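Both counts, for ligands and for their atoms, begin at 1 and track the order of listing. All figures in this text were calculated on a predicted structure; none of them were measured in a lab.
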Amino acid sequence: MTTIVQKFGGTSVGDTDKIKRVAQRIKQRMQEGHKVVTVVSAMGKSTDRLVELADEITEEPDPREMDMLLTTGEQVTISLVVMALKEIGVEAVSLTGWQAGIVTEEVHQDARIKDIQTETLEQHLDDGKAVLVAGFQGVSEEGNITTLGRGGSDTTAVALAAALDAETCSIFTDVTGVYTSDPRYVKKARQLGSISYDEMLELAHLGAGVLHPRAVEFAKNSHVKLVVCSSMEDVEGTIVEEEATMEQNLTVRGLAFEKNITKVTVERLPNHFDTMSNLFKLLADEGISVDIIIQQMTADHGVNVSFSVDSSHLSKTLELIESAKETLCYSEVRHESMLSKVSIVGSGMISNPGVAADMFKVLAEEEVAIKMVSTSEIAVSAVVPEEDMIRASEALHSHFGLDYQEQKKIELAKQA
Ligand code: ADP
Ligand code: ASP
Ligand code: MG
């Protein structure tokens with residue numbers, strides 16, 4: 001008997017009819033002879049509503065209490081799915097993260113899983129029960145309830161699949177699979193048959209919200225066969241695996257974007273060995289993560305340093321830099337908000353020089369200003385004004401042959 005893990009996201013368990021449908025799917029998989037572990041998210045937008053409740057009380061909610069609050073969302077879903085299963089004659093049990101043995105770091109709101117003690121879970125599976133696990137939560141060794149970061153139920157599912165040596169981990173969601181870009185915004189995006197762990201990891205880190213980046217990291221490290229598919233339609237999903245087998249002819253496999261980026265520039269810092277370390281330690285000590293960094297010499301032998309941060313961290317960043325003006329010895333700090341980051345990703349870039357040049361040409365033709373650039377082996381990102389984000393993404397999507405019709409043409413040409 002093989003074990004399978006499946007995960008249903010918020011939209012897929014958004015109301016009680018959908019919950020009943022999930023129960024039917026679980027029953028079906030059990031009748032096919034599988035041991036079935038199912039991870040669920042909080043219903044619909046209920047996590048957002050819990051966040052709003054906390055916001056109504058305080059501007060800076062205590063992180064421990066925030067985890068205590070947010071984990072209740074997933075507990076509602078597991079109990080309802082088990083009730084629905086019992087209604088259709090399936091023995092089932094719900095487990096919170098800590099009951100399922102998910103041990104995390106002592107970090108609130110963004111904890112990493114350290115270990116999964118699977119004894120209880122395996123006992124229930126051996127007893128022939130469907131097991132429902134609350135996503136996105138665990139417990140620290142100190143006994144505090146923790147969460148894995150927004151979207152973290154994907155990570156719960158993949159980590160359980162790795163710990164239980166499951167045959168597959170299926171992520172059921174509101175789209176039919178991983179697309180070349182977010183189909184909600186890029187209308188010509190099309191679904192991929194498969195994508196490599198590395199490409200998916202890069203896309204997830206660069207803003208493709210379809211999978212939590214740590215879930216992909218786990219899948220890659222533990223060789224979990226990961227499938228993203230629709231909870232509504234019975235169509236083939238996308239396989240995330242070691243080597244993507246299809247569409248080798250394309251250099252760029254996907255495109256991601258994210259908003260809420262601010263560029264901060266600190267002008268005329270002294271050109272000393274410790275300038276960069278002093279500036280960035282100041283931010284790191286307060287948990288502010290910085291993305292792209294650019295350092296430039298000035299004509300009078302000082303340095304200008306620009307970096308990008310999430311806009312939600314802007315006021316804290318400026319406050320820290322301004323309060324350290326005397327020690328950092330700079331002349332001025334400036335910032336530019338309402339920016340976004342558009343990224344193209346593809347492992348074909350390793351052997352194809354000129355992709356960045358091509359990207360800049362497309363952005364120039366579209367008259368989109370490039371504020372910052374960063375590259376990795378398989379990705380190029382450009383920071384551009386937020387108002388141009390979708391237009392720039394669509395132009396790049398077309399140029400790199402990702403559009404729905406473009407691909408059809410390439411396939412037909414190959415057959416001819
Ligand atoms: P869930 O609640 O099931 O976890 P999410 O909202 O977290 O669902 O993820 C699914 C959404 O991810 C889709 O509705 C889609 O808008 C978005 N998305 C972003 N990038 C992509 C992509 N490359 N492929 C598919 N969906 C994407
Ligand atoms: N409910 C949590 C969220 O909305 C976790 C998840 O859905 O993965 O972020
Ligand atoms: Mg999600």
Side-chain angles (χ1 to χ4, degrees), residues 6-14 18 22 38-52 66-67 69-78 97 102 109-111 133-138 146-160 169-195 199-216 226-233 235 237-238 240 252-259 342-346 389-390 393 397 402 404:
Q6 43 187 11
K7 176 251 167 181
F8 292 86
T11 325
S12 313
V13 290
K18 286 183 178 161
V22 168
T38 307
V39 174
V40 284
S41 292
M43 291 173 70
K45 299 264 172 238
S46 56
T47 309
D48 291 339
R49 278 203 294 279
L50 292 170
V51 172
E52 281 163 20
M66 204 59 193
D67 281 353
L69 175 69
L70 296 193
T71 47
T72 60
E74 271 66 15
Q75 289 181 50
V76 170
T77 325
I78 47 171
I102 300 174
Q109 308 207 271
D110 197 24
V133 180
F136 147 82
Q137 54 178 256
T146 55
T147 58
L148 312 180
R150 295 301 305 267
S153 298
D154 297 338
T155 302
T156 306
V158 180
L160 283 172
C169 179
S170 307
I171 306 287
F172 288 93
T173 184
D174 59 359
V175 279
T176 52
V178 177
Y179 281 62
T180 47
S181 189
D182 188 337
R184 235 186 281 184
Y185 299 94
V186 177
K187 295 293 169 236
K188 289 184 179 170
R190 63 187 166 78
Q191 192 188 325
L192 295 164
S194 70
I195 186 163
E199 289 168 320
M200 191 61 238
L201 191 58
E202 201 86 24
L203 282 171
H205 274 299
L206 293 168
V210 65
L211 282 174
H212 195 236
R214 280 199 200 134
V216 189
L226 190 58
V227 183
V228 179
C229 46
S230 165
S231 60
M232 323 287 169
E233 293 169 66
V235 291
T238 302
V240 188
V252 175
R253 177 117 37 199
L255 183 150
F257 42 81
E258 56 184 331
K259 290 195 219 175
V342 176
S343 308
I344 50 173
V345 173
M389 182 178 81
I390 300 301
S393 296
H397 196 268
L402 299 177
Y404 190 63

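For ligand 1, the protein residues placed under 4.0 Å by at least one non-hydrogen atom are Lys7, Gly9, Gly10, Thr173, Asp174, Val175, Gly177, Val178, Tyr179, Ser181, Asp182, Pro183, Arg184, Ala208, Gly209, Val210.
Residue contacts with ligand 2 leave out Gly73, since none of its heavy atoms falls under 4.0 Å from the ligand. The shortest heavy-atom distance from Gly152 to ligand 2 is under 4.0 Å.
Between Phe257 and Ile390 the shortest side-chain heavy-atom distance falls below 4.5 Å. By the 4.5 Å heavy-atom criterion applied to side chains, Asp174 and Arg184 are counted as neighbours. By the 4.5 Å heavy-atom criterion applied to side chains, Met66 and Val51 are counted as neighbours. For the pair Ser170 and Lys7, the minimum side-chain heavy-atom distance is 4.5 Å or more.
Not counting sequence neighbours, Tyr179 has no partner by the ring pair (Phe, Tyr, Trp, His ring centres under 6.0 Å) test.
With Thr77 as reference, Val13 is the one residue of Thr38, Val13, Val39 to meet the side chain to side chain contact (heavy atoms under 4.5 Å, CB included) rule. Leu203 pairs with exactly one of Ile344, Val210, Ile195, Leu255 by the side chain to side chain contact (heavy atoms under 4.5 Å, CB included) rule, that one being Ile195. Of the residues listed (Phe136, Phe172, Phe8), the one engaging Val40 in a side chain to side chain contact (heavy atoms under 4.5 Å, CB included) is Phe8, and it is the only one.
Considering both main-chain and side-chain atoms, Lys7 never comes within under 3.5 Å of ligand 2 through any nitrogen or oxygen pair. Considering both main-chain and side-chain atoms, Asp154 never comes within under 3.5 Å of ligand 2 through any nitrogen or oxygen pair. Ligand 2 has an N or O atom lying under 3.5 Å from an N or O atom of Gly151, backbone or side chain.
For ligand 2, the atoms lying closer than 4.0 Å to a non-hydrogen atom of Ser41 are 6 (C), 7 (O), 8 (O). Applying the 4.0 Å criterion to heavy atoms of Ser153 picks out, from ligand 2, the atoms 5 (C), 6 (C), 7 (O), 8 (O).
Ranking protein heavy atoms by distance to atom 3 (C) of ligand 2, first place goes to Arg150 NE, 3.2 Å.
Checking Thr146 against Asp67 by side-chain atom types alone, no donor-acceptor pair falls below 3.5 Å.
Closest non-hydrogen pair, Thr71 versus Gln137, comes out as O-NE2, 3.2 Å.
Residue contacts with ligand 2 for Glu74 involve side-chain atoms from C-beta outward but no N, CA, C or O (heavy atoms, distance under 4.0 Å).
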